[in-house]
Amino acid sequence: MTTAVSHSDVLIVGAGSAGSVVAERLSADPSCAVTVIEAGPGLEDPGLLAQTTNGLQLPIGAGSPLVQRYETRLTDRPVRLVPIVRGATVGGSGAINGGYFCRGLPRDFEWPAIAGWGWSDVIEHFRAIETDLDFASPAHGDKGPIKVRRTHEMTGASESFVSAAQRAGFPWIADLNDCGPELVSGVGAVPLNIVNGVRVGSGAGYLIPALQRPNLTLLAQTRASQVRFTAAAAVGVEAVGPQGPISFTADRIILCGGAIQSAHLLMLSGIGDEAMLRAVGVPVVAPLPVGMFCSDHPEWVLPTDWTVATGRPVLEVVLSTDDGLEIRPYTGGFVAMTGDGTAGHPDWPHIGVALMQPRSRGRITLLSPDPDVPPRIEHRYDSEPEDVATLRRGAALARELASAATYVGEPAWATSQHLCASAPMGAEADPRAVVDHRCRVRGVENLWVIDGSVLPEITSRGPHATIVMIGHRAAEFVR
Ligand SMILES: Cc1cc2nc3c(=O)[nH]c(=O)nc-3n(C[C@H](O)[C@H](O)[C@H](O)COP(=O)(O)OP(=O)(O)OC[C@H]3O[C@@H](n4cnc5c(N)ncnc54)[C@H](O)[C@@H]3O)c2cc1C
């Protein structure tokens, strides 16, 4: 039997990195009744909460209750199928991630014809979400709930990497969150939303404190399966909670499920490529290119034999190059990062070589009208020869920078797990756009997408800080 839940002014699907901020911002108006549904567990259990606050590990190992797992096809020639995860709890992927909290670059916001998203529009929102403990310049905030700090006493491997990069002619960049309008190639300490080992993302910083408000309700373990429409207006959401099916109604519905799940939900609800929807028997509500132009950071990982540093953030420094590479000397391998030793092999620390402005575009495809059947995810990382050539140059540079005494193995294909742009923002005439500049789904009413899906393409830096900023910025459009 389906339970009908009372009507809300705003219904938010997903309490993740963006959704947590949107929920806090909109519920600041006491007359606005906000309901958030989250597929993963809430964080009342102190054991689960502790896993999200421990910034020195990623709770993504085998059996973690805090993630949703998928498989992606990383490359086509040869086919490489790899598992990926997304955070599924209050704070979303930001509650389980590496804590690298680096703003996109000003040039990432030069989106043609998208009004209201230039650097001068977004900088105040970057400032609002943070308290930077290292810098008090006008570029930084001092009142935001997310504290940002860089590592000052680095591990030996990070220190050696910095020295090698400087010897190779790369300058030290003091503040990666304020390094001018152009990408400055150089090496710098990663701004982290981890302070004294404690990770605070937008779940802990925004949503959890706001849950005291009587007009804000969070329903955990509740997964949305479809948006319901009357004509072209979104009027409600079907979901499955701990007690079975639930039907929600709301005046305004906001999808914050992240790039995979918001795209999946749109397609299950009839918003997507017309031929694809018809092929699986989903009636078309609005033909839009959902999931057709996804973007992520390809990464090659090279095993090394430097000493694993436990009890450290996973990444202390990065090197950026002119050709858009980010070289990452990780402090440990998978075991140190996750605490999961079930694979039974020794830990290999590695250097990551990531391409930050890839040309390749991935795809998310609906395979079934059944919400329990995951969509097909294809990264298509080897679809652009220039991307592969740049990664190869990056691997050679990484090898050069590792000290001569360090063994560096052959690179393996991987992904940074930063998938974005599955429902990209764009101008009216842009055939790729799924949402407009105010994050409204085109061609329907009362439906917004606010999360990493709406980035027109991936940022030149890890996307977390930018996605939290998007939540803060776009909440204004729904209000
Ligand atoms: C392992 C890992 C490490 C990463 N490390 C970094 C890093 O160090 N720095 C960085 O910049 N980026 C990092 N990222 C990427 C970054 O964390 C994400 O891009 C960002 O958090 C995504 O934010 P979002 O709001 O789009 O989605 P999410 O934060 O993933 O939130 C989506 C939320 O919606 C919920 N949800 C989904 N579908 C439904 C549904 N149908 N019904 C109800 N709820 C639903 C999910 O459970 C989740 O809680 C990492 C990602 C991963 C997976």
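Just so you know, ligand 1 is whichever comes first in the structure, and atom 1 is the first atom listed for that ligand.
For atom 23 (O) of ligand 1, the choice among C102, S17, A95 with the nearest heavy atom turns out to be S17.
Ligand 1 has T222 within reach: a non-hydrogen atom of the residue lies less than 4.0 Å from it. Judged by the shortest distance from any of its heavy atoms, G19 lies outside the 4.0 Å radius around the atoms of ligand 1.
Counting the atoms of ligand 1 from 1 in the order shown, those under 4.0 Å from a heavy atom of G462 are 11 (O). The contact set between ligand 1 and G87, taken as ligand atoms under 4.0 Å from a residue heavy atom, comprises 46 (C), 47 (O), 48 (C), 49 (O). Within ligand 1, counting atoms from 1 as listed, the ones closer than 4.0 Å to a heavy atom of G14 are 34 (O), 35 (C), 44 (N). With ligand atoms numbered from 1 in the order given, ligand 1 contributes 49 (O) to contacts under 4.0 Å with heavy atoms of T89.
Looking at D296 and H379, their side chains come closer than 4.5 Å, going by heavy atoms from C-beta outward.
The structure places CD of Q417 at 8.5 Å from OG of S93, a figure rounded to the nearest 0.5 Å.
Among all protein heavy atoms, the one lying closest to atom 13 (C) of ligand 1 is H418 NE2, 3.5 Å. What sits closest to atom 3 (C) of ligand 1 on the protein, heavy atoms only, is N97 CB, 3.5 Å.
Contact annotation: for C256 versus ligand 1, heavy atoms closer than 4.0 Å belong to the backbone alone.
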